[in-house]
Chemist: 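Mind having a look at this structure? Questions to follow.
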2 protein chains.
Amino acid sequence: MLDIAEVARSGGLPASALRYYEEQGLITSIGRRGLRRLFEPDVLMRLSLISLGQSAGFSLTEIAGMLGAAGVPKIDREQLGQKADELDGKIRELTALRDGLRHVMTCSATSHLECPTFQRIMRVAVTRHVARRQHPARKRTGRK
Amino acid sequence: MLDIAEVARSGGLPASALRYYEEQGLITSIGRRGLRRLFEPDVLMRLSLISLGQSAGFSLTEIAGMLGAAGVPKIDREQLGQKADELDGKIRELTALRDGLRHVMTCSATSHLECPTFQRIMRVAVTRHVARRQHPARKRTGRK
DNA sequence: CTGGCACTTCAAGCCAACTTGAGGTCAAGA
DNA sequence: TCTTGACCTCAAGTTGGCTTGAAGTGCCAG
């Protein structure tokens with residue numbers, strides 16, 4: 001059993017964030033010592049996954065969905081597959097974007113927007129991206 | 001020359017967003033017809049790149065930096081390399097995350113947090129991720 | 001038993017990225 | 001010429017993900 005300060009320290013985020021996550025149902029405290037929340041060590045793994053999910057561009061709500069509301073993995077397999085496919089698309093975009101950046105570093109066209117190699121690289125990413133914008137896999141709150 | 005409505009239509013985003021982007025220096029209108037902004041067709045490519053950058057998790061400010069403030073690609077090569085490296089890391093994380101999701105779909109351990117295969121897959125992503133959180137490549141406004 | 005300090009709650013604030021609304025302008029068609 | 005409707009500006013509102021501040025509580029040290 002870890003108290004909130006320990007979780008905060010090992011998890012690398014402020015206690016306020018932990019309270020917020022609990023409020024949002026992303027983590028659960030397993031009891032109290034006095035006022036202080038107590039967590040199982042498990043929560044650290046969960047925090048890592050949350051952080052990972054965030055950096056993958058998912059909202060806390062979506063992450064809550066993937067993790068299962070209360071530690072229970074009541075996750076819908078089909079939905080998971082969808083997420084995985086979304087990630088595939090994103091990965092390909094990022095790869096193209098990265099290649100684009102690397103190309104710009106070494107190519108010395110005055111305007112990269114006119115460099116054919118750059119255009120070719122970017123066209124891949126952009127068309128994929130636009131396609132996904134037209135058919136959003138599921139509701140997205142903010143504009144992508 | 002495209003008027004704002006045409007850009008909005010082809011670019012797939014509302015005119016309000018275009019005005020906002022201009023205000024933020026991400027795009028430039030090349031004149032007015034009456035009150036109405038006019039843009040060069042170039043702006044469409046720029047918009048795609050902006051959208052792409054956003055989906056890669058960069059802020060509008062960072063994107064402005066990469067694109068060069070005013071169409072000029074006054075981009076610092078070293079900084080670009082850094083961005084590319086960041087993307088590499090992110091790509092590896094997303095790949096692991098995707099594998100994790102696909103695994104969860106097919107593995108029927110009652111709690112995935114206890115399934116060793118899942119743990120192995122996730123450990124890769126998580127450790128990379130945590131490492132990057134400890135040494136943030138550069139200032140990040142929002143918490144990752 | 002008495003502090004003190006780290007925790008607690010709750011409300012309000014903050015930033016990014018836009019959107020919405022009120023009130024204004026102006027080119028183009030009838 | 002005169003209307004009309006799509007644009008304009010500027011201020012304020014919205015959402016997500018937290019942080020901050022004020023006021024309270026309770027374990028542990030002394």
Side-chain angles (χ1 to χ4, degrees), chain A residues 1-39 43 46-47 49-67 133 136 138-144, chain B residues 1-39 43 46-47 49-67 133 136 138-144:
Chain A
M1 299 274 164
L2 308 169
D3 107 351
I4 196 176
E6 298 170 301
V7 176
R9 205 180 32 69
S10 340
L13 18 68
S16 62
L18 296 178
R19 284 185 214 109
Y20 179 71
Y21 285 178
E22 185 179 19
E23 198 176 295
Q24 303 302 304
L26 284 139
I27 61 179
T28 346
S29 59
I30 207 64
R32 298 278 180 128
R33 165 156 52 239
L35 286 181
R36 301 181 184 198
R37 286 163 177 80
L38 294 176
F39 295 92
V43 80
R46 250 179 120 77
L47 288 177
L49 290 174
I50 291 169
S51 166
L52 200 54
Q54 281 187 290
S55 99
F58 295 107
S59 71
L60 291 186
T61 314
E62 290 175 303
I63 294 170
M66 294 190 235
L67 290 182
R133 275 202 312 193
R138 203 60 84 168
K139 54 143 191 211
R140 289 286 296 139
T141 46
R143 185 163 300 277
K144 256 196 289 210
Chain B
M1 299 276 162
L2 306 169
D3 108 350
I4 196 175
E6 298 170 300
V7 176
R9 204 180 33 70
S10 340
L13 17 69
S16 63
L18 296 178
R19 285 190 281 267
Y20 179 71
Y21 286 177
E22 186 179 18
E23 198 176 295
Q24 302 303 305
L26 284 139
I27 61 179
T28 345
S29 60
I30 207 63
R32 299 278 179 128
R33 165 157 51 238
L35 287 181
R36 301 179 184 201
R37 287 163 177 79
L38 294 176
F39 296 91
V43 80
R46 249 180 121 77
L47 288 178
L49 289 174
I50 291 168
S51 167
L52 201 53
Q54 281 187 290
S55 98
F58 296 107
S59 70
L60 291 185
T61 314
E62 289 176 304
I63 294 170
M66 293 189 235
L67 291 182
R133 275 202 312 191
R138 204 58 85 167
K139 54 145 189 216
R140 291 285 297 135
T141 47
R143 185 163 302 274
K144 256 190 288 194

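Letters A, B, ... are given to chains in the order of the sequence lines, protein chains preceding strands, and every chain is numbered from 1.
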Chemist: If I take atom OH in residue B/Tyr20 and atom C1' in nucleotide D/dC10, what distance separates them, rounded to the nearest angstrom?
Modeler: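 It works out to 15 Å between those atoms.
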Chemist: How close or far is atom C1' of D/dG16 from atom CZ of A/Phe58, stated in whole angstroms?
Modeler: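 For the pair A/Phe58 CZ and D/dG16 C1', the rounded distance is 16 Å.
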Chemist: Closest nucleotide of DNA chain C for B/Arg36 versus for B/Leu60: which of these residues is on the 5' side?
Modeler: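 It is B/Leu60, whose closest nucleotide lies nearer the 5' terminus.
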Chemist: Output a table of nitrogen or oxygen pairs between the protein and nucleotides 27-30 of chain C separated by less than 3.5 Å.
Modeler:
{"residue": "C/dA27", "atom": "OP1", "partner": "B/Gly34", "partner atom": "N", "Å": "3.4"}

Chemist: For B/Arg37 and D/dC8, is the shortest distance between a side-chain N/O and OP1 or OP2 below 4.0 Å?
Modeler: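 For D/dC8, OP1/OP2 do have a side-chain N/O of B/Arg37 under 4.0 Å.
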Chemist: To the nearest Å, how far apart are B/Gln54 CD and C/dC18 C1'?
Modeler: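 After rounding, the reported distance stands at 10 Å.
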Chemist: If you define the side chain from C-beta out and look only at heavy atoms, does anything of B/Leu47 sit under 4.5 Å from B/Leu18?
Modeler: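 With C-beta onward as the side chain, the pair touches.
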Chemist: Mind calculating the distance between CG (A/Asp3) and P (D/dG26) to the nearest angstrom?
Modeler: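 Whole-Å distance recorded here is 16 Å.
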Chemist: What's the CD-C1' distance between B/Glu22 and D/dT9, to the nearest Å?
Modeler: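 Between C1' of D/dT9 and CD of B/Glu22: 13 Å.
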Chemist: Among residues at least two apart in sequence or on other chains, which ones pass salt bridge (Lys or Arg N to Asp or Glu O under 4.0 Å) with B/Arg37?
Modeler: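 B/Arg37 satisfies salt bridge (Lys or Arg N to Asp or Glu O under 4.0 Å) with B/Glu22 once adjacent residues are dropped.
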Chemist: In whole angstrom, what separates A/Leu38's CG from C/dA6's P?
Modeler: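 Spelled out: CG on A/Leu38 to P on C/dA6 is 18 Å.
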Chemist: Less than 4.0 angstrom between a side-chain N/O of B/Arg19 and OP1 or OP2 of C/dA17, yes or no?
Modeler: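 For B/Arg19, the contact criterion (side-chain N or O under 4.0 Å from OP1 or OP2 of C/dA17) is not met.
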Chemist: For B/Leu26 and C/dA17, give me the distance from atom CG to atom P, rounded to whole Å.
Modeler: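 Taking CG of B/Leu26 and P of C/dA17, I get 9 Å after rounding.
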Chemist: Let me spell it out: for each of A/Ala15 and B/Ala15, pick the nucleotide of DNA chain D with the closest heavy atom. Which residue's pick is nearer the 5' end?
Modeler: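 Mapping each residue to its closest nucleotide by heavy atoms, the 5'-most match is B/Ala15.
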Chemist: At what distance, to the nearest 0.5 angstrom, does OG of B/Ser29 lie from CZ of B/Phe39?
Modeler: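 Here the interatomic distance stands at 5.0 Å.
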Chemist: Using the test side chain to side chain contact (heavy atoms under 4.5 Å, CB included), find all partners of A/Ala15 that sit at least two apart in sequence or belong to another chain.
Modeler: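 Only A/Ile4, A/Arg19 meet the side chain to side chain contact (heavy atoms under 4.5 Å, CB included) criterion with A/Ala15.
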Chemist: Give a yes/no on whether any side-chain N or O of B/Tyr21 is located under 4.0 angstrom from OP1 or OP2 of C/dA17.
Modeler: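 It does not, given that no N or O in the side chain of B/Tyr21 lies less than 4.0 Å from OP1 or OP2 of C/dA17.
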Chemist: Take atom CD1 of A/Ile4 and atom P of D/dG26, then tell me their distance rounded to the nearest Å.
Modeler: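 It is 17 Å, rounded to the nearest whole Å.
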Chemist: At what distance, to the nearest 0.5 angstrom, does CG of A/Leu67 lie from CG of A/Leu60?
Modeler: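 Answer for the CG-CG pair, A/Leu67 versus A/Leu60, is 10.0 Å.
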Chemist: OP1 or OP2 of C/dC15 less than 4.0 angstrom from a side-chain nitrogen or oxygen of B/Gln24, does that happen here?
Modeler: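 B/Gln24 to C/dC15 OP1/OP2: no side-chain N or O under 4.0 Å.
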Chemist: Out of D/dT20, D/dC7, C/dT20, which has the shortest distance to the side chain of A/Ser16?
Modeler: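 Among the listed nucleotides, the one closest to the side chain of A/Ser16 is D/dT20.
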Chemist: Report yes if some heavy atom in the side chain of A/Ile27 is under 4.5 Å from a heavy atom in the side chain of A/Ile50; otherwise report no.
Modeler: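 The answer is yes, as the side chains (C-beta and beyond) meet within the 4.5 Å cut-off.
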Chemist: Just jot down the side chain to side chain contact (heavy atoms under 4.5 Å, CB included) partners of A/Arg36, sequence neighbours excluded, or say none.
Modeler: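 With neighbours one apart ignored, the set is A/Asp3.
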